[in-house]
Amino acid sequence: MKKQYNGTWESLNSHEVPAWYHDCKFGIFIHWGLYSVPAYAPITWQLGEVPIDENWYANNPYAEWYFNSVNVGRGPTYEHHIKTYGIDFKYEDFVSMWKVDNYKPDKWAELFRKAGAAYVVMVTKHHDGFCLFPSKYTDYNAMKKGPKRDLVGDLTNAVRAQGMKMGLYYSGILDWRFAHDPIIEQNDNFNKACPTYEYADYAYNQSCELIDNYKPSVFWNDIGWPKQGEQNLPYLLSHYYNNVEEGVVNDRFNGLYHDFRTMEYKYGESNRMEKWEMNRGMGLSFGYNAIEEDDKIMSVEDTISLLVSTVSNNGNLLLNIGPKADGTIPKEQEKRLLSIGQWLAVNGEAIYGTRCSKRESAIDESGVQIHYTKKKKDLYVMLDKVPQGAFEVVIPDLSGEIRALDDKIFYDFEAFGTGVKIKIHSHQTSIGSIAFKVPGGE
Ligand SMILES: CC(C)[C@@H]1NC[C@@H](O)[C@H](O)[C@@H]1O
(Lines give C-alpha, C1' and ligand atoms only; values in the text may rest on other atoms or scores of the structure.)
Protein backbone atom coordinates (compact mmCIF):
# COMPACT_ATOMS: atom_id res chain seq x y z
CA MET A 1 0.00 0.00 0.00
CA LYS A 2 1.43 3.39 -1.01
CA LYS A 3 2.37 5.57 1.97
CA GLN A 4 0.22 8.71 2.40
CA TYR A 5 1.59 11.97 3.81
CA ASN A 6 -0.80 14.07 5.89
CA GLY A 7 0.43 17.66 5.69
CA THR A 8 2.55 17.58 8.82
CA TRP A 9 6.32 17.90 9.25
CA GLU A 10 6.20 14.69 11.29
CA SER A 11 4.68 12.79 8.37
CA LEU A 12 7.20 14.26 5.92
CA ASN A 13 10.16 13.41 8.14
CA SER A 14 9.37 9.73 7.62
CA HIS A 15 10.05 10.10 3.88
CA GLU A 16 13.05 8.14 2.60
CA VAL A 17 15.16 9.02 -0.44
CA PRO A 18 14.15 6.48 -3.12
CA ALA A 19 16.80 4.14 -4.54
CA TRP A 20 16.60 5.68 -8.02
CA TYR A 21 18.01 8.99 -6.74
CA HIS A 22 20.93 7.14 -5.10
CA ASP A 23 21.52 5.04 -8.23
CA CYS A 24 21.31 7.65 -10.98
CA LYS A 25 24.50 9.70 -10.16
CA PHE A 26 24.46 11.99 -13.24
CA GLY A 27 21.84 14.43 -14.47
CA ILE A 28 21.47 17.43 -16.76
CA PHE A 29 20.24 20.82 -15.50
CA ILE A 30 18.72 23.13 -18.11
CA HIS A 31 18.63 26.91 -17.74
CA TRP A 32 16.73 28.29 -20.73
CA GLY A 33 14.53 31.38 -20.68
CA LEU A 34 14.19 35.05 -21.65
CA TYR A 35 17.76 35.60 -20.38
CA SER A 36 18.95 33.31 -23.20
CA VAL A 37 18.07 36.10 -25.66
CA PRO A 38 20.67 38.68 -24.46
CA ALA A 39 22.90 35.77 -23.32
CA TYR A 40 25.44 38.01 -21.60
CA ALA A 41 27.37 38.11 -18.36
CA PRO A 42 30.95 39.01 -17.45
CA ILE A 43 33.29 36.07 -16.91
CA THR A 44 34.33 36.62 -13.31
CA TRP A 45 34.21 34.06 -10.48
CA GLN A 46 32.67 30.79 -9.36
CA LEU A 47 29.94 31.22 -6.73
CA GLY A 48 31.65 30.83 -3.37
CA GLU A 49 35.05 32.08 -4.54
CA VAL A 50 34.36 35.69 -3.49
CA PRO A 51 31.91 37.30 -1.03
CA ILE A 52 28.32 37.47 -2.32
CA ASP A 53 28.15 41.24 -1.99
CA GLU A 54 27.50 44.31 -4.14
CA ASN A 55 30.63 43.61 -6.18
CA TRP A 56 29.41 40.08 -6.93
CA TYR A 57 25.96 41.31 -8.01
CA ALA A 58 27.37 44.13 -10.17
CA ASN A 59 29.69 41.63 -11.89
CA ASN A 60 27.45 38.55 -11.73
CA PRO A 61 28.73 35.76 -14.02
CA TYR A 62 25.25 34.19 -14.13
CA ALA A 63 23.69 35.15 -17.50
CA GLU A 64 20.29 34.11 -16.09
CA TRP A 65 20.59 37.03 -13.64
CA TYR A 66 20.54 39.51 -16.57
CA PHE A 67 17.49 41.43 -15.27
CA ASN A 68 19.05 42.05 -11.86
CA SER A 69 22.51 42.73 -13.32
CA VAL A 70 20.96 45.57 -15.36
CA ASN A 71 18.72 46.59 -12.43
CA VAL A 72 21.69 47.25 -10.15
CA GLY A 73 22.52 50.16 -12.49
CA ARG A 74 26.25 49.56 -12.88
CA GLY A 75 28.78 47.00 -14.08
CA PRO A 76 29.53 45.16 -17.33
CA THR A 77 26.03 43.77 -17.96
CA TYR A 78 24.38 47.16 -17.33
CA GLU A 79 26.81 48.80 -19.76
CA HIS A 80 26.34 45.99 -22.29
CA HIS A 81 22.56 46.41 -22.09
CA ILE A 82 22.63 50.17 -22.60
CA LYS A 83 25.05 49.86 -25.51
CA THR A 84 23.24 46.94 -27.18
CA TYR A 85 19.56 47.66 -26.52
CA GLY A 86 19.39 51.24 -25.24
CA ILE A 87 18.32 52.75 -21.93
CA ASP A 88 14.59 52.47 -22.70
CA PHE A 89 14.65 48.76 -23.54
CA LYS A 90 12.78 46.77 -20.90
CA TYR A 91 13.50 43.14 -19.98
CA GLU A 92 9.96 42.16 -21.00
CA ASP A 93 10.80 43.34 -24.53
CA PHE A 94 12.85 40.14 -24.90
CA VAL A 95 9.59 38.13 -24.93
CA SER A 96 8.74 39.02 -28.53
CA MET A 97 12.37 38.38 -29.53
CA TRP A 98 12.38 34.82 -28.09
CA LYS A 99 11.88 32.53 -31.09
CA VAL A 100 12.50 28.83 -30.46
CA ASP A 101 12.74 27.74 -34.11
CA ASN A 102 15.52 25.21 -33.36
CA TYR A 103 13.88 23.73 -30.23
CA LYS A 104 13.88 19.98 -30.83
CA PRO A 105 13.08 18.34 -27.45
CA ASP A 106 13.49 14.83 -28.90
CA LYS A 107 17.04 15.71 -30.03
CA TRP A 108 17.80 17.25 -26.62
CA ALA A 109 16.60 14.11 -24.84
CA GLU A 110 18.58 11.85 -27.17
CA LEU A 111 21.75 13.87 -26.49
CA PHE A 112 21.19 13.69 -22.71
CA ARG A 113 20.78 9.90 -22.90
CA LYS A 114 23.93 9.61 -25.04
CA ALA A 115 25.70 11.70 -22.37
CA GLY A 116 24.84 8.97 -19.85
CA ALA A 117 22.42 11.13 -17.86
CA ALA A 118 19.76 9.31 -15.84
CA TYR A 119 17.71 12.40 -14.97
CA VAL A 120 17.03 15.90 -16.23
CA VAL A 121 15.94 19.02 -14.31
CA MET A 122 14.48 21.88 -16.38
CA VAL A 123 13.96 25.45 -15.17
CA THR A 124 10.22 26.18 -15.41
CA LYS A 125 10.28 29.71 -13.91
CA HIS A 126 13.55 31.40 -12.99
CA HIS A 127 13.84 34.54 -10.85
CA ASP A 128 12.68 36.69 -13.79
CA GLY A 129 9.19 35.22 -13.44
CA PHE A 130 8.70 34.13 -17.05
CA CYS A 131 7.06 30.68 -17.09
CA LEU A 132 8.09 28.07 -19.66
CA PHE A 133 4.77 26.27 -19.09
CA PRO A 134 1.08 27.25 -19.45
CA SER A 135 -0.15 28.69 -16.13
CA LYS A 136 -3.61 29.69 -14.97
CA TYR A 137 -2.00 32.25 -12.66
CA THR A 138 -0.14 34.45 -15.15
CA ASP A 139 -0.14 35.23 -18.87
CA TYR A 140 3.62 35.86 -18.60
CA ASN A 141 4.25 32.41 -19.96
CA ALA A 142 5.64 30.69 -23.04
CA MET A 143 2.29 29.28 -24.14
CA LYS A 144 0.66 32.72 -24.25
CA LYS A 145 3.66 34.82 -25.36
CA GLY A 146 6.95 34.54 -27.25
CA PRO A 147 7.54 30.82 -28.06
CA LYS A 148 3.79 29.95 -27.90
CA ARG A 149 4.68 26.39 -26.77
CA ASP A 150 4.55 24.34 -23.60
CA LEU A 151 8.35 24.15 -23.49
CA VAL A 152 8.26 22.16 -20.24
CA GLY A 153 5.67 19.63 -21.39
CA ASP A 154 7.43 19.01 -24.71
CA LEU A 155 10.75 18.18 -23.03
CA THR A 156 9.12 16.18 -20.22
CA ASN A 157 7.56 13.84 -22.77
CA ALA A 158 10.79 13.54 -24.76
CA VAL A 159 12.95 12.83 -21.68
CA ARG A 160 10.59 10.16 -20.39
CA ALA A 161 10.43 8.58 -23.87
CA GLN A 162 14.21 8.09 -23.55
CA GLY A 163 13.76 6.33 -20.19
CA MET A 164 15.16 9.15 -18.03
CA LYS A 165 13.56 10.76 -14.96
CA MET A 166 12.27 14.34 -15.45
CA GLY A 167 12.63 16.94 -12.71
CA LEU A 168 11.46 20.54 -12.59
CA TYR A 169 13.07 23.64 -11.10
CA TYR A 170 10.97 26.48 -9.65
CA SER A 171 12.23 29.80 -8.27
CA GLY A 172 10.21 29.79 -5.03
CA ILE A 173 11.20 32.89 -3.10
CA LEU A 174 12.44 35.13 -5.94
CA ASP A 175 10.19 36.49 -8.65
CA TRP A 176 11.23 39.88 -10.00
CA ARG A 177 7.73 40.45 -11.41
CA PHE A 178 6.55 40.81 -7.78
CA ALA A 179 9.64 42.38 -6.18
CA HIS A 180 11.57 44.85 -8.37
CA ASP A 181 14.25 46.20 -6.04
CA PRO A 182 17.77 45.31 -7.19
CA ILE A 183 19.46 42.55 -5.22
CA ILE A 184 22.87 43.89 -4.15
CA GLU A 185 23.74 41.64 -1.23
CA GLN A 186 22.99 38.04 -0.28
CA ASN A 187 20.35 38.80 2.37
CA ASP A 188 18.36 40.71 -0.26
CA ASN A 189 17.42 37.29 -1.68
CA PHE A 190 15.30 36.87 1.45
CA ASN A 191 14.66 40.36 2.82
CA LYS A 192 13.81 42.01 -0.53
CA ALA A 193 12.10 38.89 -1.84
CA CYS A 194 8.39 38.81 -2.54
CA PRO A 195 6.93 39.89 0.85
CA THR A 196 3.22 39.42 0.15
CA TYR A 197 0.76 36.64 0.94
CA GLU A 198 -0.42 37.16 -2.65
CA TYR A 199 2.97 35.99 -3.93
CA ALA A 200 3.16 33.13 -1.42
CA ASP A 201 -0.17 31.85 -2.75
CA TYR A 202 1.03 32.37 -6.32
CA ALA A 203 4.13 30.25 -5.67
CA TYR A 204 2.06 27.58 -3.91
CA ASN A 205 -0.52 27.45 -6.72
CA GLN A 206 2.06 27.35 -9.52
CA SER A 207 3.97 24.60 -7.70
CA CYS A 208 0.74 22.59 -7.55
CA GLU A 209 0.28 23.21 -11.30
CA LEU A 210 3.74 21.76 -11.96
CA ILE A 211 3.14 18.78 -9.65
CA ASP A 212 -0.34 18.01 -11.00
CA ASN A 213 0.41 18.57 -14.70
CA TYR A 214 3.90 17.05 -15.00
CA LYS A 215 4.52 14.86 -11.90
CA PRO A 216 8.23 15.75 -11.75
CA SER A 217 10.52 13.12 -10.19
CA VAL A 218 12.54 16.01 -8.67
CA PHE A 219 10.94 19.20 -7.33
CA TRP A 220 13.95 21.49 -7.34
CA ASN A 221 13.03 24.69 -5.47
CA ASP A 222 15.59 27.49 -5.58
CA ILE A 223 17.00 29.96 -3.06
CA GLY A 224 14.14 29.61 -0.54
CA TRP A 225 10.39 29.57 0.02
CA PRO A 226 8.24 32.68 0.70
CA LYS A 227 8.20 33.32 4.47
CA GLN A 228 4.47 34.05 4.23
CA GLY A 229 3.96 30.57 2.80
CA GLU A 230 6.07 28.49 5.19
CA GLN A 231 3.02 27.19 7.02
CA ASN A 232 1.73 25.78 3.69
CA LEU A 233 4.91 23.84 2.96
CA PRO A 234 3.95 20.60 4.74
CA TYR A 235 0.76 20.54 2.66
CA LEU A 236 2.59 21.27 -0.58
CA LEU A 237 5.28 18.64 0.02
CA SER A 238 2.71 16.07 1.17
CA HIS A 239 0.70 16.80 -1.98
CA TYR A 240 3.89 16.26 -3.98
CA TYR A 241 4.80 12.93 -2.37
CA ASN A 242 1.18 11.68 -2.48
CA ASN A 243 0.99 12.41 -6.21
CA VAL A 244 4.50 11.68 -7.42
CA GLU A 245 5.69 8.15 -6.73
CA GLU A 246 9.34 8.29 -5.59
CA GLY A 247 9.59 12.06 -5.83
CA VAL A 248 12.48 13.92 -4.17
CA VAL A 249 13.03 17.54 -3.11
CA ASN A 250 16.20 19.53 -2.41
CA ASP A 251 17.30 21.58 0.61
CA ARG A 252 16.21 25.08 -0.45
CA PHE A 253 13.02 25.42 1.63
CA ASN A 254 14.45 27.83 4.23
CA GLY A 255 16.30 24.96 5.90
CA LEU A 256 12.99 23.40 6.99
CA TYR A 257 13.18 20.14 5.06
CA HIS A 258 15.08 18.19 2.42
CA ASP A 259 15.69 14.83 0.80
CA PHE A 260 19.11 15.85 -0.49
CA ARG A 261 21.59 18.66 0.09
CA THR A 262 22.80 20.91 -2.71
CA MET A 263 26.18 22.40 -3.57
CA GLU A 264 26.43 25.20 -6.14
CA TYR A 265 29.97 25.60 -7.53
CA LYS A 266 32.01 26.26 -4.38
CA TYR A 267 29.01 27.40 -2.34
CA GLY A 268 27.35 25.13 0.19
CA GLU A 269 28.35 22.16 2.33
CA SER A 270 28.30 18.44 1.70
CA ASN A 271 29.32 15.40 3.69
CA ARG A 272 29.44 11.81 2.54
CA MET A 273 27.05 10.70 5.31
CA GLU A 274 24.12 12.38 3.57
CA LYS A 275 22.90 12.34 -0.04
CA TRP A 276 23.82 15.54 -1.87
CA GLU A 277 24.01 17.00 -5.35
CA MET A 278 26.69 19.10 -7.06
CA ASN A 279 25.19 21.76 -9.34
CA ARG A 280 27.25 23.84 -11.74
CA GLY A 281 27.53 24.95 -15.31
CA MET A 282 30.33 23.94 -17.65
CA GLY A 283 31.51 27.54 -17.34
CA LEU A 284 30.65 30.18 -14.72
CA SER A 285 27.03 30.65 -15.84
CA PHE A 286 23.90 28.53 -15.93
CA GLY A 287 22.14 30.52 -18.64
CA TYR A 288 23.84 30.60 -22.06
CA ASN A 289 26.58 33.27 -22.11
CA ALA A 290 27.59 34.02 -25.68
CA ILE A 291 31.06 35.28 -24.65
CA GLU A 292 31.81 32.10 -22.63
CA GLU A 293 33.46 30.19 -25.45
CA ASP A 294 35.13 26.78 -25.66
CA ASP A 295 38.35 27.87 -23.94
CA LYS A 296 36.38 29.32 -21.03
CA ILE A 297 34.49 26.16 -19.99
CA MET A 298 35.52 22.95 -18.20
CA SER A 299 37.48 20.32 -20.09
CA VAL A 300 35.95 16.87 -20.47
CA GLU A 301 38.63 15.48 -18.17
CA ASP A 302 37.80 18.00 -15.44
CA THR A 303 34.09 17.23 -15.80
CA ILE A 304 34.73 13.51 -15.44
CA SER A 305 36.96 14.24 -12.44
CA LEU A 306 34.10 16.22 -10.88
CA LEU A 307 31.68 13.34 -11.54
CA VAL A 308 34.05 10.74 -10.03
CA SER A 309 34.91 12.79 -6.93
CA THR A 310 31.24 13.73 -6.39
CA VAL A 311 29.92 10.17 -6.74
CA SER A 312 32.65 8.64 -4.55
CA ASN A 313 31.52 11.04 -1.81
CA ASN A 314 27.80 10.16 -1.94
CA GLY A 315 26.77 12.88 -4.38
CA ASN A 316 25.08 13.21 -7.77
CA LEU A 317 26.40 15.59 -10.42
CA LEU A 318 23.66 17.74 -11.96
CA LEU A 319 25.64 19.34 -14.80
CA ASN A 320 23.99 22.35 -16.40
CA ILE A 321 23.62 23.16 -20.07
CA GLY A 322 22.49 26.57 -21.28
CA PRO A 323 20.78 26.31 -24.68
CA LYS A 324 20.85 29.30 -27.04
CA ALA A 325 17.57 31.25 -27.26
CA ASP A 326 16.53 29.47 -30.49
CA GLY A 327 16.87 26.02 -28.87
CA THR A 328 20.29 25.14 -30.26
CA ILE A 329 22.57 23.39 -27.76
CA PRO A 330 25.98 25.09 -28.12
CA LYS A 331 28.50 22.87 -29.92
CA GLU A 332 31.08 23.17 -27.12
CA GLN A 333 28.52 21.90 -24.61
CA GLU A 334 27.29 19.08 -26.87
CA LYS A 335 30.87 17.92 -27.47
CA ARG A 336 31.53 17.61 -23.74
CA LEU A 337 28.27 15.77 -23.09
CA LEU A 338 29.07 13.18 -25.78
CA SER A 339 32.59 12.66 -24.41
CA ILE A 340 31.25 12.15 -20.88
CA GLY A 341 28.84 9.62 -22.36
CA GLN A 342 31.72 7.77 -24.03
CA TRP A 343 33.58 7.58 -20.70
CA LEU A 344 30.46 6.35 -18.89
CA ALA A 345 29.77 3.76 -21.59
CA VAL A 346 33.10 2.12 -20.67
CA ASN A 347 33.39 2.98 -16.94
CA GLY A 348 29.76 3.45 -15.84
CA GLU A 349 29.83 0.19 -13.85
CA ALA A 350 31.98 2.05 -11.28
CA ILE A 351 29.42 4.87 -11.10
CA TYR A 352 25.79 3.89 -11.68
CA GLY A 353 24.06 2.02 -8.85
CA THR A 354 27.11 2.23 -6.57
CA ARG A 355 27.25 3.48 -3.02
CA CYS A 356 29.91 5.13 -0.89
CA SER A 357 32.77 2.80 0.06
CA LYS A 358 34.01 2.88 3.64
CA ARG A 359 37.32 3.88 2.03
CA GLU A 360 37.65 7.64 1.66
CA SER A 361 39.21 9.40 -1.32
CA ALA A 362 42.95 9.91 -1.00
CA ILE A 363 45.89 11.47 -2.82
CA ASP A 364 48.91 9.25 -3.53
CA GLU A 365 52.38 10.68 -2.84
CA SER A 366 52.77 11.11 -6.60
CA GLY A 367 49.66 13.31 -6.65
CA VAL A 368 47.36 10.71 -8.20
CA GLN A 369 43.85 11.01 -6.72
CA ILE A 370 42.26 7.71 -5.63
CA HIS A 371 38.48 7.52 -5.39
CA TYR A 372 36.37 4.50 -4.38
CA THR A 373 32.82 3.27 -4.85
CA LYS A 374 31.23 -0.05 -3.99
CA LYS A 375 28.47 -2.25 -5.31
CA LYS A 376 27.45 -5.01 -2.91
CA LYS A 377 30.79 -6.72 -2.09
CA ASP A 378 32.69 -5.40 -5.12
CA LEU A 379 35.01 -2.41 -4.84
CA TYR A 380 35.77 0.08 -7.62
CA VAL A 381 38.97 2.13 -7.62
CA MET A 382 39.16 5.25 -9.80
CA LEU A 383 42.50 6.94 -10.44
CA ASP A 384 42.29 10.61 -11.33
CA LYS A 385 44.68 13.46 -12.14
CA VAL A 386 47.10 10.83 -13.44
CA PRO A 387 50.34 11.82 -15.24
CA GLN A 388 50.87 11.38 -18.95
CA GLY A 389 52.57 8.06 -19.82
CA ALA A 390 53.55 5.24 -17.47
CA PHE A 391 53.15 5.55 -13.71
CA GLU A 392 52.69 3.45 -10.58
CA VAL A 393 50.28 3.84 -7.69
CA VAL A 394 49.79 1.83 -4.49
CA ILE A 395 46.26 1.11 -3.29
CA PRO A 396 46.55 0.46 0.46
CA ASP A 397 44.82 -2.33 2.38
CA LEU A 398 43.81 -4.27 -0.68
CA SER A 399 44.44 -7.76 -2.04
CA GLY A 400 43.27 -9.99 -4.87
CA GLU A 401 42.53 -9.43 -8.56
CA ILE A 402 42.10 -5.93 -9.92
CA ARG A 403 40.65 -5.39 -13.42
CA ALA A 404 40.61 -2.20 -15.52
CA LEU A 405 37.16 -1.47 -16.97
CA ASP A 406 38.72 0.10 -20.08
CA ASP A 407 40.53 -2.46 -22.26
CA LYS A 408 42.73 0.32 -23.66
CA ILE A 409 44.55 0.53 -20.33
CA PHE A 410 47.76 -1.54 -20.28
CA TYR A 411 48.86 -2.39 -16.75
CA ASP A 412 50.16 -4.96 -14.30
CA PHE A 413 49.54 -5.29 -10.59
CA GLU A 414 51.28 -6.99 -7.71
CA ALA A 415 50.95 -7.35 -3.96
CA PHE A 416 52.78 -4.53 -2.24
CA GLY A 417 52.92 -4.62 1.56
CA THR A 418 49.28 -4.70 2.74
CA GLY A 419 48.10 -3.27 -0.56
CA VAL A 420 48.34 -3.62 -4.32
CA LYS A 421 50.74 -1.76 -6.62
CA ILE A 422 49.26 -0.96 -10.00
CA LYS A 423 51.80 -0.33 -12.80
CA ILE A 424 50.17 1.57 -15.65
CA HIS A 425 52.20 1.12 -18.84
CA SER A 426 49.92 3.04 -21.18
CA HIS A 427 46.61 4.87 -20.98
CA GLN A 428 47.03 7.48 -23.71
CA THR A 429 43.99 6.50 -25.76
CA SER A 430 41.54 6.82 -22.90
CA ILE A 431 40.00 10.05 -21.57
CA GLY A 432 39.41 10.88 -17.94
CA SER A 433 39.73 8.82 -14.79
CA ILE A 434 40.98 5.21 -14.94
CA ALA A 435 38.55 2.80 -13.26
CA PHE A 436 39.28 -0.67 -11.86
CA LYS A 437 37.04 -3.36 -10.41
CA VAL A 438 38.16 -5.39 -7.41
CA PRO A 439 35.71 -8.31 -7.17
CA GLY A 440 34.85 -8.90 -3.49
CA GLY A 441 37.22 -6.07 -2.54
CA GLU A 442 34.86 -4.03 -0.32
C1 LIG B 1 22.08 25.91 -8.90
C2 LIG B 1 21.25 26.77 -9.88
C3 LIG B 1 19.87 26.24 -9.87
C4 LIG B 1 21.37 28.23 -9.46
N5 LIG B 1 20.61 28.48 -8.26
C6 LIG B 1 20.70 29.87 -7.78
C7 LIG B 1 20.27 30.83 -8.90
O8 LIG B 1 20.38 32.17 -8.44
C9 LIG B 1 21.11 30.62 -10.12
O10 LIG B 1 20.72 31.51 -11.12
C11 LIG B 1 20.95 29.18 -10.60
O12 LIG B 1 19.58 28.97 -10.95
Side-chain angles (χ1 to χ4, degrees), residues 17-18 20-33 35-36 47 62 64 103 105 108-113 115-127 130-133 142 150-172 174 206-207 209-211 213-223 225 237 240-241 244-253 258-265 268 275-282 285-288 303 306-307 310-311 315-323 329 333 337 340:
V17 177
W20 80 264
Y21 187 74
H22 286 288
D23 291 342
C24 61
K25 307 304 181 186
F26 180 46
I28 304 292
F29 222 149
I30 304 169
H31 279 66
W32 191 40
Y35 41 81
S36 309
L47 186 73
Y62 285 176
E64 69 278 12
Y103 179 42
W108 284 22
E110 190 182 335
L111 171 61
F112 302 156
R113 184 181 51 71
Y119 68 116
V120 175
V121 178
M122 181 181 200
V123 170
T124 64
K125 183 204 80 165
H126 204 260
H127 312 331
F130 189 75
C131 301
L132 278 66
F133 61 98
D150 177 0
L151 303 173
V152 171
D154 290 348
L155 187 64
T156 297
N157 294 335
V159 163
R160 287 174 174 157
Q162 289 284 344
M164 295 178 283
K165 297 274 190 183
M166 183 70 181
L168 298 181
Y169 161 114
Y170 184 77
S171 177
L174 283 187
Q206 282 202 321
S207 298
E209 279 188 312
L210 294 170
I211 292 166
N213 298 338
Y214 305 105
K215 303 212 181 314
S217 298
V218 185
F219 185 67
W220 213 104
N221 182 60
D222 203 1
I223 309 266
W225 192 254
L237 297 174
Y240 173 59
Y241 289 141
V244 180
E245 188 88 27
E246 299 202 312
V248 290
V249 300
N250 67 355
D251 62 348
R252 301 193 175 189
F253 292 96
H258 66 277
D259 283 316
F260 62 91
R261 295 275 187 208
T262 52
M263 284 283 293
E264 183 174 334
Y265 287 94
K275 192 62 190 170
W276 61 283
E277 186 180 73
M278 166 53 80
N279 297 274
R280 65 156 290 161
M282 292 181 182
S285 177
F286 288 93
Y288 175 58
T303 314
L306 180 62
L307 174 65
T310 298
V311 169
N316 290 352
L317 172 59
L318 189 60
L319 182 65
N320 183 80
I321 60 127
I329 293 178
Q333 296 182 30
L337 289 183
I340 294 163

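If you read the sequence from its start, that first residue is 1, and numbering goes on from there.
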Next item on the list: Kindly say whether Glu277 contributes a backbone atom to a donor-acceptor pair with the side chain of Asn316 at under 3.5 angstrom?
Entry: no
Note to self: Donor-acceptor pair, distance only, cut-off 3.5 Å: does the side chain of Asn221 make one with the backbone of Asn250?
What the structure shows: no
Note to self: Testing the basics here: between Trp32 and Pro323, what is the closest heavy-atom pair and its distance to 0.1 Å?
What the structure shows: CD1-O, 3.6 Å
Next item on the list: Kindly determine whether Glu209 and Phe133 satisfy side chain to side chain contact (heavy atoms under 4.5 Å, CB included), including the steps that lead there.
Entry: CA-CA 9 Å; Glu209 279 188 312; Phe133 61 98; 3.7 Å; yes
Note to self: As an exercise, state the distance from CG of Asp150 to CG of Asn213, rounded to the nearest 0.5 Å.
What the structure shows: 8.5 Å
Margin query: Measuring from atom OG1 of Thr310 to atom CG of Asn279, what distance do you get when rounded to the nearest 0.5 angstrom?
Written below: 10.0 Å
Item checked: Shortest non-hydrogen contact from Val248 toward Pro18 -> CG1-CD, 3.3 Å
Note to self: In the structure I gave you, are the side-chain heavy atoms of Arg280 and Leu306 within less than 4.5 Å of one another anywhere?
What the structure shows: yes
Checklist line | Interatomic distance, Leu111 atom CG to Ile329 atom CD1 [nearest 0.5 angstrom] | finding: 5.0 Å
Next item on the list: Nearest 0.5 Å please: distance from the CD1 atom of Ile30 over to the CG atom of Leu319.
Entry: 11.0 Å
Notebook entry, point to check: Taking only residues two or more places apart in sequence, or in another chain, which ones meet Tyr35 in a ring-ring contact (aromatic ring centres under 6.0 Å, His included)?
Noted result: His126
Item checked: Taking every non-hydrogen atom, the tightest pair across Leu318 and Val121 -> CD2-CG2, 3.8 Å
Notebook entry, point to check: Are the aromatic ring centres of Tyr265 and Phe286 under 6.0 angstrom apart?
Noted result: yes
Next item on the list: Taking the side chain as every heavy atom from C-beta outward, state whether Phe112 and Ile321 have any atom pair closer than 4.5 Å.
Entry: yes
Check: Taking the inter-plane angle between the rings of Trp225 and Tyr170 on a 0 to 90° scale, is it parallel (under 30°), tilted (30 to 60°) or perpendicular (over 60°)?
Finding: tilted
Next item on the list: Tell me, with the steps shown, if Met282 and Leu337 meet side chain to side chain contact (heavy atoms under 4.5 Å, CB included).
Entry: CA-CA 10 Å; Met282 292 181 182; Leu337 289 183; 3.7 Å; yes
Notebook entry, point to check: Which pair of heavy atoms, one from Gln206 and one from Cys131, lies closest together, and at what distance?
Noted result: NE2-SG, 3.3 Å
Check: Is there side-chain contact between Cys24 and Lys165, with heavy atoms separated by less than 4.5 Å?
Finding: no
Notebook entry, point to check: How are the rings of Trp220 and Tyr169 set to each other: parallel, tilted or perpendicular (split at 30° and 60°)?
Noted result: parallel
Next item on the list: Please assess Trp108 against Leu155 for the test side chain to side chain contact (heavy atoms under 4.5 Å, CB included), listing each intermediate value before the final yes or no.
Entry: CA-CA 8 Å; Trp108 284 22; Leu155 187 64; 4.0 Å; yes
Next item on the list: Taking all non-hydrogen atoms of both residues into account, name the closest pair between Ala158 and Ala109 and its distance.
Entry: O-CB, 3.4 Å
Checklist line | Separation of Leu151 CG from Thr156 OG1 (nearest 0.5 Å) | finding: 10.5 Å
Next item on the list: Mark yes or no for whether Tyr288, through its side chain, and His31, through its backbone, hold a donor-acceptor pair below 3.5 Å.
Entry: no
Next item on the list: Please determine if Arg252 and Glu264 form a salt bridge, counting it only when a charged side-chain N lies under 4.0 Å from a carboxylate O.
Entry: yes
Next item on the list: Using a 4.5 Å cut-off on heavy atoms from C-beta on, say whether the side chain of Trp276 contacts that of Asp251.
Entry: no
Checklist line | Check: Val244 main-chain N/O paired with Lys215 side-chain donor or acceptor under 3.5 Å | finding: no
Check: Roughly how far, to the nearest 0.5 Å, is the CG atom of Leu237 from the CZ atom of Phe219?
Finding: 8.0 Å
Check: So which heavy atom on Val17 is nearest to which on Asp259, and how close?
Finding: CG2-O, 3.2 Å
Next item on the list: I would like to know whether Leu174 and Asp222 meet side chain to side chain contact (heavy atoms under 4.5 Å, CB included); could you show each step before the answer?
Entry: CA-CA 8 Å; Leu174 283 187; Asp222 203 1; over 6 Å; no
Check: Does some side-chain heavy atom of Tyr21 sit less than 4.5 Å from a side-chain heavy atom of Ser217?
Finding: no
